[in-house]
Amino acid sequence: MNYPAPLKASNAGAIRLSAIAADPVGARALHTLQVRAGNRLQKIIEKVAAILIEQAMATHEPQARWPAGMRHFTSAGRRRERTAKECRALAEDLVMAALKNLDNPDWDPTLPDSRQPGSQNQLLMLLQSVANQAVAATD
């Protein structure tokens with residue numbers, strides 16, 4: 001998953017999250033929030049990806065026109081798999097860009113100049129802390 005860059009210690013939101021994580025009760029509550037936020041984020045990405053896949057598949061030629069045969073079905077399956085991966089990556093990028101620009105009313109995903117360079121929203125910081133933990137766990 002393409003999460004935003006890890007938080008820097010100077011970030012006030014990150015400091016608040018680390019203070020909560022230092023408290024045993026707060027740490028459990030924070031972990032619960034992180035898990036829920038991560039799961040919901042995955043569901044949103046899956047929904048966006050499903051819409052993109054459906055639209056991408058609708059643009060392919062109708063199956064009735066295609067010649068039948070094992071070779072055709074194999075290549076069509078590979079094409080569907082490749083399209084699904086590309087749509088999933090696009091969905092991740094769109095959702096993460098939307099989160100980064102949550103506080104930016106002028107953001108337009110089709111205009112790169114409208115994006116906000118850095119966001120201080122708490123939801124994004126919570127999700128970044130999940131990503132930071134995932135990276136730390138794999139190192």
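- We find the CD-CE distance between E92 and M96 to be 9.0 Å, quoted to the nearest 0.5 Å.
- Looking at residues two or more places apart in sequence or on another chain, you find a salt bridge (charged side-chain N to carboxylate O under 4.0 Å, His left out) between E81 and K85.
- Between A91 and A49, the shortest heavy-atom contact is CB-N, 3.5 Å.
- In this structure, the side chain to side chain contact (heavy atoms under 4.5 Å, CB included) partners of L90, at least two apart in sequence or on a different chain, are L52, L94.
- The side chain to side chain contact (heavy atoms under 4.5 Å, CB included) test applied to D23 returns V25, not counting sequence neighbours.
- For the atom pair OG1 of T83 and CZ of R79, the computed distance is 7.5 Å after rounding to the nearest 0.5 Å.
- Between R80 and I53, every side-chain heavy-atom pair lies at or beyond the 4.5 Å cut-off.
- For A97, the side chain to side chain contact (heavy atoms under 4.5 Å, CB included) test picks out W107, with sequence neighbours left out.
- The salt bridge (charged side-chain N to carboxylate O under 4.0 Å, His left out) check on K47 picks up nothing, with sequence neighbours excluded.
- Partners of E46 by side chain to side chain contact (heavy atoms under 4.5 Å, CB included), not counting sequence neighbours, listed by chain and number: Q42, R88.
- Residue D108 holds its CG atom at 3.0 Å from OG1 of T110, rounded to the nearest 0.5 Å.
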